[in-house]
Amino acid sequence: MVAITLPDGSERKFDGPVTGAELAADIGPGLAKAALAVRVDGALKDLSAIIETDSDVAIITSKDDDALELLRHDCAHVMAEAVKELYPDTQVTIGPNIENGFFYDFARDTPFVPDDLEKIEARMHEIVKRDETITREVWDRSDAIKFFKDAGEHYKAEIIEGIPGDEEVSLYRQGDFIDLCRGPHLPSTGKLGKAFKLTKLAGAYWRGDSNNEMLQRIYGTCWADKKQLAEYLHMLEEAEKRDHRRLGREMDLFHLQDVAIGSIFWHPKGWTLYRTVQEYMRKRLEDGGYVEVNTPQLVDRGLWEDSGHWEKFRENMFVAEVDESRGGGETHAEGEAIPGAEKEAQTKFLALKPMNCPCHVQIFKQGTTSYRELPIRMAEFGSCHRYEPSGALHGLMRVRAFTQDDAHIFCTEDQIEAETKTFIELLASIYKDFGFEDFVVKFSDRPEVRAGSDDVWDRAEKALMDATVAAGVELVMNPGEGAFYGPKLEFVLRDAIGRDWQCGTHQVDFVLPERLDASYIGEDGAKHRPVMLHRAILGSFERFLGILIEHYAGKFPLWLAPLQIVVATITNAADDYAAEVMEAMEESGLRAELDVRNEKINYKIREHSHAKVPVILVVGANEADAGTVAMRRMGGKDQEILALKEAAARLRDEAAGPLAGG
RNA sequence: GCCGCCGUAGCUCAGGGGUAGAGCGCGCCAUUGGUAAUGGCGAGGUCGGAAGUUCGAUUCUUCCCGGCGGCACCA
């Protein structure tokens with residue numbers, strides 16, 4: 001006797017073991033048809049799975065959230081089947097689900113081209129139409145390895161060899177296609193439906209290691225019905241419109257150019273935005289007890305050797321070679337011959353700083369520091385250069401020249417927790433001011449290769465963890481991803497199309513103070529090592545502004561908008577009054593422009609709306625007579641008639657932004 | 001750095017072995033118009049760069065540069 005409890009609490013009894021399919025049929029023919037899989041005591045299983053003991057069981061249909069996982073994974077299998085049919089010389093490797101879809105990696109001598117995607121997709125629809133039964137088989141491991149090796153599927157064989165000995169080796173068969181898979185799967189390919197689309201083609205290294213061969217990856221998206229698919233595709237299109245690279249051009253904020261790859265040319269409007277954010281940050285740091293410093297761009301190799309960067313970070317550094325015996329002080333790229341410098345050359349290497357920390361330690365080391373002075377929170381809007389791999393460059397998000405809102409907190413070990421908590425609170429408050437209520441915090445703990453004793457790591461990790469809990473922040477664990485010198489927190493924001501970017505960071509460092517011999521005088525009169533906390537909130541201005549542009553889709557709140565107000569006239573008769581309005585705005589410290597062109601008001605509204613100017617003050621003869629303005633907000637249809645004085649006061653208050661009153 | 005795709009006017013894109021075209025934008029003229037497209041005229045391109053094939057290359061081939069999407073990288 002097997003008793004099945006359904007989600008609604010009702011119970012069904014069977015004489016013996018029963019499959020999910022039988023259970024569904026027992027409940028009703030409609031459900032039997034719609035059933036895709038079962039959840040038995042919390043675990044998702046095939047519809048054909050035999051339930052032998054009393055269990056809580058839910059029948060999964062396409063309406064369940066779980067169904068998407070099944071559909072997407074089946075979609076990957078159907079794609080692999082299609083690929084094997086069309087291109088038999090292809091080897092299949094792995095094909096997991098990802099957010100919104102799936103991918104499958106294939107090994108093939110000739111790479112796929114975009115046209116192939118259409119053919120594969122068409123074949124996938126055929127396979128769905130064939131409605132092939134999907135069956136699960138458990139194989140003997142060595143039989144499975146032999147089977148795949150004989151079939152020329154060396155990657156699959158390698159995967160099976162890696163499966164732990166106590167695990168079952170299960171294969172799923174649909175038509176002539178058979179694949180190693182943990183499952184579960186749909187009962188047949190027909191259940192997949194039509195709501196899928198292959199989206200992109202990419203190279204990907206076998207097992208994610210760049211030393212391995214590159215495979216061909218095909219990405220796809222898959223949904224429960226066509227409506228969901230259409231919605232998703234539409235969302236992608238909309239997201240593209242808020243791409244910061246596109247808005248940067250459309251809104252005349254910045255540009256990139258071959259002559260300085262990976263560096264930003266900031267235009268007046270973009271630079272206004274940048275400065276607004278920077279001035280805001282400066283104020284918040286000041287209030288937060290930071291002192292601001294500025295340190296050199298070009299720093300002698302010796303310091304980088306001492307700090308360890310020359311050894312660990314050399315590949316990412318821009319290095320200039322200088323012959324100091326020459327009067328001109330010319331610099332040359334490393335390796336380039338210096339003309340006429342065979343003799344007497346006194347060559348020196350200088351590097352553009354990729355980080356600010358070693359320089360900050362130099363400031364810390366000037367004179368002596370008492371324990372009474374700690375913590376010292378030393379901030380710098382530090383310009384850094386890193387030679388990033390060409391394939392990594394991405395608009396403002398990944399550049400070779402950037403400015404961090406960097407700071408190093410020199411403190412005692414006892415102060416780590418409190419400083420961390422204070423930092424997280426400051427960060428959350430700042431993110432909130434920029435409109436980011438949600439962000440992901442990752443905790444990266446000790447990596448395999450690390451400096452410092454386990455005891456020190458225990459304490460550092462505990463301090464970070466305790467501080468995070470105290471700050472009420474939820475963590476995602478990122479095991480083994482800490483820096484070699486200490487654990488770190490990463491604060492991650494998301495761009496318009498769902499790509500994650502690390503912005504804020506907070507790292508505990510016991511190593512650099514040691515390497516650069518930083519010390520303070522303790523209560524006992526003896527020298528002690530300070531701990532360094534490396535921390536940034538925005539991360540880099542470039543990346544953060546990229547995220548900010550996408551977050552607001554260019555429609556900035558008043559305090560951030562590069563151009564806040566346009567005063568637009570209806571007729572020339574209002575020109576003089578418009579100039580008065582303009583003056584009132586400027587006196588209120590607002591960034592305003594006057595538009596007295598001989599154009600229709602429709603034309604002006606449309607143009608400034610496209611430019612995403614938050615406020616348009618329309619003035620015509622009526623307003624001039626009454627001493628008012630007609631205020632129109634970005635995106636709104638209605639207008640508000642206000643006395644000029646009141647409009648100026650209200651806009652001034654609003655434009656003060658989050659720093660208002662401070 | 002690796003794989004694939006792409007590079008034609010300021011922008012979006014069409015075209016194609018005989019030195020190029022649209023829309024928007026831009027300029028000029030007319031229009032003084034009450035809240036998201038007024039009308040007319042006009043300017044603007046070494047078709048990413050370098051070689052090669054050809055009588056002739058923007059078009060075909062090769063290499064280089066850059067961009068895009070991934071992968072790898074990301075103190």
Who does B/U38 pair with, Watson-Crick or G-U, both distances under 3.5 Å? B/A30
Measuring from the side chain of A/Ile261 (C-beta onward, heavy atoms only), which nucleotide among B/A36, B/G66, B/C26 has the closest atom? B/G66
For A/Lys488, report the nucleic acid contact type (base, sugar-phosphate, nothing); a contact means any heavy atom under 4.0 Å. sugar-phosphate
Only pairs with both distances under 3.5 Å count, Watson-Crick or wobble alike; so what is the partner of B/C73 in this structure? none
How would you label the contact of A/Glu623 with the nucleic acid (heavy atoms, under 4.0 Å): base, sugar-phosphate, or nothing? base
Hey, are A/Glu213 and A/Tyr155 close enough side-chain-wise for a donor-acceptor pair under 3.5 Å? yes
Categorize A/Ala621 for me: base, sugar-phosphate, or nothing, with a 4.0 angstrom heavy-atom threshold over every strand shown. base
Regarding A/Arg499, tell me which of base, sugar-phosphate or nothing describes its non-hydrogen contacts under 4.0 Å with the strands shown. sugar-phosphate
Which part of the nucleic acid does A/Glu388 contact within heavy-atom distance under 4.0 Å: base, sugar-phosphate only, or nothing? nothing
Just checking A/Ala202: base, sugar-phosphate only, or nothing, at a heavy-atom cut-off of under 4.0 Å? base
Taking only Lys NZ, Arg NE, NH1 and NH2, and the carboxylate oxygens of Asp or Glu, determine whether A/Asp306 and A/Arg515 approach each other closer than 4.0 Å. no
Between the base of B/C73 and the side chain of A/Arg398, is one N or O donor paired with an acceptor at under 3.5 angstrom? yes
Across the strands shown, which category fits A/Asp258 at heavy-atom distances under 4.0 angstrom: base, sugar-phosphate, nothing? sugar-phosphate
Find which nucleotide of RNA chain B each of A/Arg543 and A/His394 is nearest to by heavy atoms, and output the residue with the more 5' nucleotide. A/His394
Answer yes when A/Arg494 and A/Glu550 have at least one side-chain N-carboxylate O distance shorter than 4.0 Å, and no when they do not. no
So that I can tick it off, tell me whether A/Lys241 and A/Glu238 are bridged by a salt bridge, with the cut-off set at under 4.0 angstrom between side-chain N and carboxylate O. yes
In Watson-Crick or G-U wobble terms, with both distances under 3.5 Å, the base opposite B/G44 is none
Is a donor-acceptor contact shorter than 3.5 angstrom present between the side chain of A/Asn602 and the base of B/U35? no
Within the 4.0 Å heavy-atom criterion, would you say A/Met532 contacts the bases, only the backbone, or no part of the nucleic acid? nothing
Separation between CG of A/Asn212 and OH of A/Tyr205, rounded to the nearest 0.5 Å: 10.0 Å
Base, sugar-phosphate alone, or nothing: which one does A/Ala568 contact when heavy atoms must sit under 4.0 Å apart? nothing
Does A/Tyr603 reach a base, just sugar-phosphate, or nothing at all? Heavy atoms under 4.0 Å. sugar-phosphate
Please determine, for B/U53, whether a Watson-Crick or G-U wobble partner exists with both distances under 3.5 Å, and give it or none. none
Would you say A/Arg245 places a side-chain N or O within less than 4.0 Å of OP1 or OP2 belonging to B/G69? yes
Given RNA chain B, 5'-ward residue of the pair A/Gly308 and A/Ile570, judged by closest heavy atom: A/Ile570
Hey, is the side chain of A/Arg632 pairing donor to acceptor with the base of B/A36 inside 3.5 Å? yes
Reckon A/His534 touches a base, only the sugar-phosphate, or nothing at all at heavy-atom distances under 4.0 Å? nothing
When both distances are under 3.5 Å in a Watson-Crick or G-U wobble arrangement, the nucleotide paired with B/U58 is none
Would you kindly say whether A/Ser383 and A/Lys353 are connected by a side-chain donor-acceptor distance under 3.5 Å? no
I'd like the P distance from B/A20 over to B/G49, given in whole Å. 16 Å
Can you check whether any acceptor in the base of B/G1 is under 3.5 Å from a donor in the side chain of A/Tyr205, or vice versa? yes
At 4.0 Å (heavy atoms only), tell me whether A/Arg207 reaches a base, stays on the sugar-phosphate, or touches nothing. nothing
Please evaluate the base of B/G34 for a donor-acceptor partner in the side chain of A/Asn622 within a cut-off of under 3.5 Å? yes
I'd like to know if A/Lys488 pairs up with A/Glu490 as an ion pair, taking the criterion as any Lys NZ or Arg NE/NH1/NH2 lying under 4.0 Å from an Asp or Glu carboxylate oxygen. yes
The side chain of A/Lys600 is closest to which nucleotide in this list: B/C73, B/U38, B/A36? B/U38
Could you check whether A/Ile605 gets within reach of a base, just the sugar-phosphate, or nothing at all, counting any heavy atom under 4.0 Å? base
Could you tell me whether A/Ser210 contacts a base, only the sugar-phosphate backbone, or nothing, with contacts defined as non-hydrogen atoms closer than 4.0 Å? sugar-phosphate
Paired nucleotide for B/G7 [Watson-Crick or G-U wobble; both distances under 3.5 Å]: B/C65
For B/U19, give its Watson-Crick or G-U wobble partner with both distances under 3.5 Å, or none. none
